[in-house]
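So the structure is just underneath, and the comments pick up after that.
Computed from heavy atoms alone, side chains included, the values below leave out hydrogens, waters and symmetry copies. Here the structure is a predicted model, which means the values were calculated and not measured.
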Amino acid sequence: SAVATFTTLSTVSTLSALTLSAGTLSPSFASGTVSYAASVATGTETITVTPTATQAQAAIAVRVGTGDFVSVTSGTASAGLSLGLGANTVQVRVTAQDQATQTTYTVVVTRRAPPTVTTPTSASITATGATLGGDVTADGGAAVTERGVVYAVTSANADPVIGGADVTKVAADAAGTGVFTKAVTGLTAGTAYSFKAYAINTEGTSYSAVATFTTLSTVSTLSALTLSAGTLRPSFASGTVSYAASVATGTETITVTPTATQAQATIAVRVGTGDFMSVTSGTASAGLSLGLGANTVQIRVTAQDQATQT
């Protein structure tokens, strides 16, 4: 008979090239390497892959995640593959001409996102300072280049952000992820503040939930002072600290009723050189014994900061 020929089926199931519409393969493509990574910006919602088969009769299909494989013509771009924020597994399956031999190339495409920031914290609160912080729990696939806190007087801005009205930004000493704290100073005593932790990467700025704290008061004055007997001279005034009063010879004890200007201040009283005794603001003290003649009654007011006294 005449001579005839045939060719056995190929078992080659590799790619000779693989490119992405966004991002760069790491490591660089090599036919024998099947695992890769790539990173794309947060705005990249879809991606295409262009695989080229080493052997022309091989068939190629692609998918993202656990979706169905979709055929792709060698050397042409696939249909768009949807990307969620974070890691997305793209698989490129090459089936050899023999329909039995397969190779699957995997590309983990990370769609970057702004950082994740949680847990705003406040501690070591004084009259003029506090230690504030937060927790950067994820970098979003891009290095966190700055983190810190923003704060404002609550009455001026209860939802502080960078660049907002009356907002102060204080960067932490180090960037990156994890828990951090930062001391802030120059605050106003007895004032409510709102604050957030923040973190920045190439994809944007993220904030924790808003939290609040109040600096300690330095107010150590009284708003009222009365005696159970006698009349204060001069009449009571918050800024006046020295008074006199006169009682009858039969008055052997006296009580004082001091009222603090600031609710968190504490009050104590004594007569002469005796021990100071605590008094609740707005209520009468225990009886103070009076001897004949002059008796010195002292009312000590300690501010919430535990340092300021009158």
Side-chain angles (χ1 to χ4, degrees), residues 13-54 60-94 102-119 134-150 161-163 169 171-180 196-209:
S13 60
T14 57
L15 295 177
S16 61
L18 177 62
T19 60
L20 308 178
S21 61
T24 302
L25 290 177
S26 178
S28 298
F29 179 77
S31 184
T33 302
V34 297
S35 295
Y36 299 89
S39 178
V40 299
T42 189
T44 304
E45 297 181 353
T46 61
I47 195 171
T48 65
V49 297
T50 301
T52 302
T54 303
I60 307 173
V62 301
R63 73 174 180 182
V64 61
T66 57
D68 294 332
F69 278 100
V70 179
S71 294
V72 181
T73 300
S74 177
T76 65
S78 68
L81 304 171
S82 295
L83 300 178
L85 291 174
N88 300 265
T89 299
V90 175
Q91 290 181 307
V92 182
R93 185 182 66 194
V94 185
Q102 288 185 331
T103 301
T104 300
Y105 293 81
T106 300
V107 184
V108 177
V109 180
T110 298
R111 181 181 165 198
R112 300 187 298 270
T116 301
V117 190
T118 66
T119 322
D135 187 2
V136 183
T137 58
D139 64 10
V144 173
T145 55
E146 182 179 315
R147 60 183 179 173
V149 293
V150 287
V161 295
I162 294 171
K169 177 175 78 77
D173 295 333
T177 59
V179 175
F180 70 92
K196 295 177 182 177
Y198 74 87
I200 301 172
N201 68 7
T202 56
E203 305 308 308
T205 301
S206 296
Y207 297 90
S208 70

Notebook entry, point to check: Looking only at atom types and distance, does a side-chain atom of Asn88 sit under 3.5 Å from a main-chain N or O of Val109, one as donor and one as acceptor?
Noted result: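 Here the side-chain-to-backbone pair exists.
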
What residues form a side-chain contact (heavy atoms from CB on, under 4.5 Å) with [X], not counting sequence neighbours?
| X | answer |
| --- | --- |
| Thr24 | none |
| Val161 | Lys196, Tyr207 |
| Val34 | Thr103, Tyr105 |
| Ala171 | Glu146, Tyr198 |

Listed partners of [X] passing side-chain hydrogen bond (donor to acceptor under 3.5 Å, both in side chains), at least two apart:
| X | result |
| --- | --- |
| Thr52 | none |
| Ser78 | none |
| Ser206 | none |
| Asp173 | Lys182 |

Note to self: Tell me the closest heavy-atom pair linking Arg111 and Leu83, and the distance in Å.
What the structure shows: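 It is NH1-O, 2.9 Å.
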
Check: Of the non-hydrogen atoms in Pro51 and Val72, which two are nearest, and what is the gap between them?
Finding: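 In this case the closest contact between Pro51 and Val72 is CD-CG1, 3.9 Å.
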
Check: Got a sec, which pairs hit ring pair (Phe, Tyr, Trp, His ring centres under 6.0 Å) with one end in residues 71-92, sequence neighbours left out?
Finding: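 Checked against ring pair (Phe, Tyr, Trp, His ring centres under 6.0 Å) - neighbours excluded - no pair reaches residues 71-92.
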
Next item on the list: Assess whether side chain to side chain contact (heavy atoms under 4.5 Å, CB included) is satisfied between Ile60 and Leu15, documenting all intermediate values.
Entry: CA-CA 9 Å; Ile60 307 173; Leu15 295 177; 3.9 Å; yes

Only pairs under 3.5 Å count here: list side-chain donor-acceptor contacts from residues 63-70, not counting sequence neighbours, and write none if there are none.
residue, atom, partner, partner atom, Å
Arg63, NE, Gln91, OE1, 2.8
Arg63, NH1, Gly67, O, 3.3
Arg63, NH2, Gln91, OE1, 2.9

Item checked: Pairs touching residues 30-47 that satisfy side-chain hydrogen bond (donor to acceptor under 3.5 Å, both in side chains), sequence neighbours left out ->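 For residues 30-47: Ser39-Arg112.
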
